There are 2 protein chains.
Amino acid sequence: MATSLAEENYLKIIYRLCEGTKEDISTNSIAELTNNKAASVTDMLQKLAEKGWVTYQKYQGVRLTNIGESIALSIIRKHRLWEVFLVEKLGYNWDEVHEIAEQLEHIESETLINKLDSFLDFPKIDPHGDPIPSQEGEIPELGYLHLSEVKLNETCTLMGVAKDSAVFLQLLTKLNLSLGARLEVLEINTFDRSVSLKIAEEKPIFISHEVAKNILVKI
Amino acid sequence: MATSLAEENYLKIIYRLCEGTKEDISTNSIAELTNNKAASVTDMLQKLAEKGWVTYQKYQGVRLTNIGESIALSIIRKHRLWEVFLVEKLGYNWDEVHEIAEQLEHIESETLINKLDSFLDFPKIDPHGDPIPSQEGEIPELGYLHLSEVKLNETCTLMGVAKDSAVFLQLLTKLNLSLGARLEVLEINTFDRSVSLKIAEEKPIFISHEVAKNILVKI
DNA sequence: ATTAATTTTTAGCCTAGACTAAAAATTAAT
DNA sequence: ATTAATTTTTAGTCTAGGCTAAAAATTAAT
């Protein structure tokens, strides 16, 4: 069944909200991320339920069905592959590609996305370290930790980010934190859980807990 | 001012219809190419006129203004650059790229299209030999003839096509007629104006006047 | 120069997807 | 266990961009 642009955006956002939790997703949380009003969301949830892409009970929240999830995954796959293209082939920075990929992810062509995948040499992660779902909807399990979970004096490698807003990515860039950086946790402030880090052989930097939470690393 | 997808498609089609003629364009001809009904076209023409992209007088047809033309040219530029990308980088055939480029041409990002242009090495023509407008809306003048205009016994080079429907392109491919082929006009049938051609050193082929009309060549 | 045929426009209707305001259900707080 | 606060849904409106049917203008044909 064909999906409209609006439907695809809802499914993608519901997927993101489902990821974190076992609970059903609230109308309001969807309204926030789609930048729509709750009433509009209710409307759309009823349509999506009709089409069999979500299970939805009045006042009780919403979940993706298997079909809904596979649609969401195919959009995420397209989004992330296009991001790789924009960074690797066209020379964009990692903080510049989100908006454009938001448009490109809706281009409809099965062959296109597979040819693109092959052209890019079948990347497993996008420029933010997020895994790229396979054509079958499988997500490579990367087993990353949040930097905020790493113990004192441990060393790890920066593998990705849990948030790809431009301001956050620009902050990391300014701090010289980029994919692949070797990080040593020098200090964890008990008061505010801010972290002191050594990047490779450079002099230490401080980051807030909020930043540490959104950095993904591998030990 | 922002352009919607529907508006962009109208402008593009009006541009194509204007190209051929000095006359104003009829509502019906637009309806045919957009696959809409005449009544819908009238509606849209009034909106486009409001926005200053066409000049339009009831019952008297329509023309693009300078602004309208520059919008149309930027869409055509995007369409043709994406076609080059699809063929050169992703390995599509020339008869497979139209539909996908119809979608990609609406992606909105000035930087994207210029980075793409540079990535493709600033091509002057698309995979069908059509000129690619510059960022400033200039169209490289190629001075091609229709094969149907070439005189008996003259030799020419196939530079492009005047029609890029998949069936036409597939026919050319089957006849071994591709961009750059050297063609010698062996015979022109006065009865139906069909043409006998020699391609390079191979044995002659016959094509109809209709086909010859849609092949662009350089002497 | 009328009449006939064709083209174009108007008028009114439809759907998708948004909105606001008000009603209903759920959750939290006394 | 009520009341209050919050969340969600319903009901009704709006706009973009289509549609059909009928009216008006233009063009063609006698």
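Everything quoted here is computed from the prediction, not taken from an experiment. Throughout, protein chains are lettered first and strands after them, A, B, ... in sequence-line order, and every chain is numbered starting at 1.
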Indicate, with a heavy-atom threshold strictly under 4.0 Å, whether S40(B) touches base, sugar-phosphate, or nothing. base
In whole angstroms, the gap separating C1' of dA16(C) from CG of L5(B) amounts to 15 Å
Could you check whether T42(A) gets within reach of a base, just the sugar-phosphate, or nothing at all, counting any heavy atom under 4.0 Å? base
To the nearest angstrom, the NZ-P distance between K37(B) and dG18(D) comes to 13 Å
Residue closer to the 5' end of DNA chain C, M44(A) versus K58(A) (nearest nucleotide): M44(A)
Contact nearer the 5' end of DNA chain D, comparing A39(B) with K47(B): K47(B)
For the pair E210(A) and K213(A), find out whether any cationic side-chain nitrogen is under 4.0 Å from an anionic carboxylate oxygen. yes
Closest-nucleotide mapping onto DNA chain C: is D43(A) or Y59(A) further toward the 5' terminus? I mean the 5' end. D43(A)
With no hydrogens and no angle check, just 3.5 Å: does a side-chain donor-acceptor pair link H209(A) and N189(A)? no
Watson-Crick or G-U wobble mate for dG17(D), both contacts under 3.5 Å: dC14(C)
Side chains of W94(A) and S178(A) only: does a donor on one sit below 3.5 Å from an acceptor on the other? no
Length of the CG-C1' vector between N28(B) and dT9(C), whole Å: 12 Å
Rounding to a whole Å, what distance do you find between E8(B):CD and dA16(D):P? 16 Å
Distance, rounded to the nearest Å, where L48(A) contributes CG and dA16(C) contributes P: 13 Å
Answer yes or no: are there more than 12 heavy-atom neighbours, outside E108(A) itself, under 6.0 Å from its atom CD? no
As a test of reading the structure: which of dT8(D), dT26(D), dG18(D) is closest to the side chain of Q60(B), going by heavy atoms? dT26(D)
With a distance cut-off below 6.0 Å to the six-membered ring centre and an angular limit of 45° from the axis, does K89(B) pair with F85(A) as a cation-pi contact? no
Whom does dT27(D) pair with, Watson-Crick or G-U wobble, provided both distances fall under 3.5 Å? dA4(C)
Just compare dG18(D), dG17(D), dT9(C) and give me whichever is closest to any side-chain atom of A38(B). dT9(C)
